[in-house]
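Okay, so here's the structure we're looking at.
Model, not experiment: these values are computed from the prediction.
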Amino acid sequence: MKLSLTRVGFLSSSFGLAGHSRLDIGIPKNCALVEQLSTYFFLSKSAKNSFHKQQSYSFNQLRSFGSLHHRDNISTIRNFSWKMSAKQDYKHSYDYDLIVIGAGSGGVRAARIAGTHGAKVAVVEKAALGGTCVNVGCIPKKLFIYSSHFSHDFEDSKAYGWDVEVKNFHWKRLVENKDKEIHRLNGVYEKLLTNAEVEIIRGHAYLCDAHTVQVNERRYTCQYLLIAAGSWPTIPDIPGKEHAITSNECFYLEKLPEKIIIVGGGYIAVEFAGIFHSLGVSVTQLYRGPLFLRGFDEDVREFLAHQMKLDGIDLRFQVNITRIDKQLDGTLICTLTDGNVVRGDKVMFATGRHPRLDDLGIENTGVHLGKKNEILVDEYSKTNIDNIYAIGDITNRIQLTPVAIAEGHCFADTIFGNNPRRPSHENVPTAVFSNPCIGTVGLTEEEAREKYDDQVDIYKTSFRPLKHTLTLREEKTLYKLIVHRETRKVIGAHLVSPEAAELAQLLGVCVQAGATKEHFDATIGVHPTSAEELVTMRVKEPEKATKNRNAL
């Protein structure tokens, strides 16, 4: 677009930009926005008056922009451009351009990016800002995991010459310090929203229709609606379920239990089994299937199960709880499907999460739901209703915080940034913060063989890391690469090791970029590290080898 130098000069003077270079004020990047704004100043007086009646800006407000710092002007120009290009086409007058239901990581990202694009945005949240991840998910869980690792570190230090005396572990201190950090992060999220001029509406959101949200007896209207309400833990309907807790409550226990029974085979169950065990709690983990962590590579699943049993966790498969009975002393007796009985101070269910649609009024919008009550969306996160979008756990695509953030950012860019983008749900790296940790990206061996038949090569190694050659701990490491034989691309990488989560992030870049096995082979290893094994594996597994799982 060619921008009249006369108009640029007039605009610079009117908005207090005199003395700043074109590059400094961002005109090359924002010429379309500047062109729209400058057009306003060359309208006839009658056209200006007509424009003022439709828009929220008065002439004095426009002239007052000139007193702002030049960086603030760019934000103002964007905001003005959005009002000018979008609001004049609306058939109705709305309170907000966008209302976001839920201030979790995905909702906050979508709201603040939409705000920086110039949209008038509000976020509705009845709980603490940050959603599950910040308050009862990723962040506090990782802090607990850091704490749990010290038990092994103290023990291992003896082999390296240290004489460490551990007097006690203070659970209450850990919880208090965790709460302080979470409170700080709540403030960070609030600042992110306010800096983007997003209004925070506190209370429960109820959808009256596709454009109307009721909060605390007051109704708000919006052109676009984004549902990012997340998910909530599920407890099965069995006798005595009222005596059980979920991961939510684990973050606020008044005292550490002596014995806990954890039910479930997903990453939450596995992670909390490791946390409580390493903090000195007797742990029994139950899973109804033959092997936990369904959806992960089978070698990884079996390897971790073996490591957890070696570490002392009572891990039982193909068994479930049928009822829970509470005794007078507070002990919980769990009757199992195999006829056995287990006792504990706490019973924690980590048996899945359901979309958080309770009392949301979704039925008033006409939005379609799936078999698991998830909101159905297309590749751009749009529902069957044109102005309603949904992101994150409530859509039950990939329940991971970074995925929700990516979905929210793409939504905001698409609707308010004139930059249509769709999030990629392929080759998403992830980690299970078990003990030892799992890091993974790409296809599992089972998925690769189903997709490519026999055109798959497997490179795998298991070893005792250098650290434990002195400690003599039985903990081992597993590295596995899956290669497409025809293209030689690495299409899957799976690790079980203390550093697996960190490595998975960079392996995700490699897989996403289409790196081949030859790229790995040509890379010089960093010695001595466990990770150098990723670039030194040369011998692939025999195609019809019989896998001796117990040897792991």
Is there a donor-acceptor contact under 3.5 Å from the side chain of N427 to the main chain of V441? no
Less than 4.5 Å apart, any side-chain heavy atom of P436 and any of L304? yes
Can you establish whether the number of heavy atoms outside H183 located under 6.0 Å from its atom NE2 is more than 12? no
Euclidean distance, E541 CD relative to D299 CG, rounded to 0.5 Å: 6.5 Å
Would you please name every residue forming a side chain to side chain contact (heavy atoms under 4.5 Å, CB included) with R323, sequence neighbours left out? P239, D325, T335
Please report the C-alpha distance between K382 and V377 in whole Å, then the side-chain angles of each, then the deciding distance to 0.1 Å, and finally whether the side-chain contact (heavy atoms from CB on, under 4.5 Å) criterion is met. CA-CA 5 Å; K382 187 171 79 68; V377 294; 6.0 Å; no
Report the C-alpha separation of E445 and K480 in whole Å, then their side-chain angles, then the decisive distance to 0.1 Å, and conclude whether the salt bridge (Lys or Arg N to Asp or Glu O under 4.0 Å) test is met. CA-CA 9 Å; E445 180 179 346; K480 181 176 182 178; 2.6 Å; yes
Would the distance check show the side chain of S381 and the main-chain N or O of I391 forming a donor-acceptor pair, the cut-off being under 3.5 Å? no
Got a second to check how far S151's OG is from L279's CG, nearest 0.5 Å? 7.0 Å
Report yes or no: does T440 contribute a side-chain atom to a donor-acceptor pair with the main-chain N or O of T430 at less than 3.5 Å? no
Checking side-chain polar atoms at under 3.5 Å, does Y189 have a donor or acceptor matched by the opposite partner on S105? yes
Whether over 12 other heavy atoms sit under 6.0 Å from E502 CD: no
Over all heavy atoms of both residues, which pair between F520 and A515 is shortest? Give the atoms and the distance, please. CE1-CB, 4.0 Å
Within the supplied structure, the quantity of interest is the number of heavy atoms (other residues, nucleotides, ligands) at a distance under 6.0 Å from F150 CZ; does it exceed 12? no
Modelled atom types, side-chain donor and acceptor of S424 and E426, under 3.5 Å: no
Result of checking L443, V490, V456 against I482 for side chain to side chain contact (heavy atoms under 4.5 Å, CB included): V456
Which atoms form the tightest heavy-atom contact between G130 and N135, and what is the distance? C-ND2, 3.8 Å
Tell me, with the steps shown, if D156 and H468 meet side-chain contact (heavy atoms from CB on, under 4.5 Å). CA-CA 8 Å; D156 292 342; H468 294 312; 3.6 Å; yes
Looking at every heavy atom in both L470 and A159, which two are closest together, and how far apart are they? O-CB, 3.5 Å
In terms of relative ring orientation, are F411 and Y389 parallel, tilted or perpendicular, with 30° and 60° separating the classes? tilted
Under 4.5 Å between any side-chain heavy atoms of I321 and I261, yes or no? yes
Would you compute the distance between atom OG of S147 and atom CG of L143 and round it to the nearest 0.5 angstrom? 9.5 Å
What I'd like to find out is whether the side chain of L192 reaches to under 4.5 Å of the side chain of R109, using heavy atoms alone. no
Which is it for Y479 and F463 under the ring-ring contact (aromatic ring centres under 6.0 Å, His included) test, yes or no, and what are the steps along the way? CA-CA 9 Å; Y479 286 170; F463 56 93; 5.8 Å; yes
Only one of R449, R485, K517 clears salt bridge (charged side-chain N to carboxylate O under 4.0 Å, His left out) with D457; which? R485
When rounded to the nearest 0.5 angstrom, what distance separates CG in L174 from CG in L253? 11.0 Å
For R421, does the CZ atom sit with more than 12 other heavy atoms under 6.0 Å from it, leaving out its own atoms? yes
Would you say the side chain of I524 lies within less than 4.5 Å of the side chain of V535, judging by non-hydrogen atoms? no
Heavy-atom closest pair, residues G104 and E125: N-OE1, 4.4 Å
So, H425 versus E379: side-chain donor-acceptor pair below 3.5 Å or not? no
Find out whether the Lys NZ or Arg CZ of K178 is both under 6.0 angstrom from the six-membered ring centre of Y252 and within 45° of the ring's axis. yes
Any side-chain heavy-atom pair from F276 and Q285 closer than 4.5 angstrom? no
If you count the non-hydrogen atoms of other residues, nucleotides and ligands that lie under 6.0 Å from CD in E254, is the total more than 12? no
Residues, nucleotides or ligands: over 12 heavy atoms within 6.0 Å of R288 CZ: no
So, does S278 use its side chain to make a donor-acceptor pair with the main chain of I275 at under 3.5 Å? no
Quick check: do L507 and H494 have side-chain heavy atoms less than 4.5 Å from each other? no
Quick one: which of F251, Y267, F144 gives a ring-ring contact (aromatic ring centres under 6.0 Å, His included) with F272? F251
So do C510 and H519 actually touch side chain to side chain, heavy atoms under 4.5 Å? no
What closest approach, in Å, do G265 and F292 show between heavy atoms, and which atom pair accounts for it? O-CB, 3.4 Å
Determine the minimum heavy-atom distance between A504 and G439, stating which atoms define it. CB-CA, 3.8 Å
Between E518 and T516 (side chain of the first, backbone of the second, donor and acceptor by atom type, cut-off under 3.5 Å), is there such a pair? no
Pick from D314, D345, T284: which one makes a side-chain hydrogen bond (donor to acceptor under 3.5 Å, both in side chains) with K259? T284
Rounded to the nearest 0.5 Å, how far apart are CD1 of I362 and NE2 of H368? 11.0 Å
Return yes if some donor-acceptor pair links the side-chain N/O of Q505 with the main-chain N/O of P429 below 3.5 Å, else return no. no
Heavy-atom distance under 4.5 Å between the side chains of E475 and N435, does that happen here? yes
Nearest 0.5 Å please: distance from the OG1 atom of T444 over to the NZ atom of K451. 11.5 Å
Evaluate the criterion side-chain contact (heavy atoms from CB on, under 4.5 Å) for residue pair I238 and F349; output intermediate values, then yes/no. CA-CA 12 Å; I238 61 171; F349 276 93; 3.8 Å; yes
Are there more than 12 heavy atoms of other residues, nucleotides or ligands under 6.0 Å from atom CD of Q455? yes
For side-chain contact (heavy atoms from CB on, under 4.5 Å), just list the numbers for I227 and R356, CA-CA rounded to whole Å, side-chain angles, deciding distance to a tenth of an Å, and then say yes or no. CA-CA 10 Å; I227 304 175; R356 203 170 184 181; over 6 Å; no
Taking the basic N atoms (NZ, or NE/NH1/NH2) and the acidic carboxylate oxygens, is any pair closer than 4.0 Å for E249 and K346? no
Under 3.5 Å, is there a donor-acceptor pair between the side chain of R538 and the main chain of D521? yes
Between R184 and E181, is the closest basic N to carboxylate O distance under 4.0 Å? yes
N/O donor-acceptor pair under 3.5 Å between H277 side chain and M308 backbone: no
Counting only N and O atoms by type, is there a donor-acceptor contact under 3.5 Å from the side chain of D378 to the main-chain atoms of Y380? yes
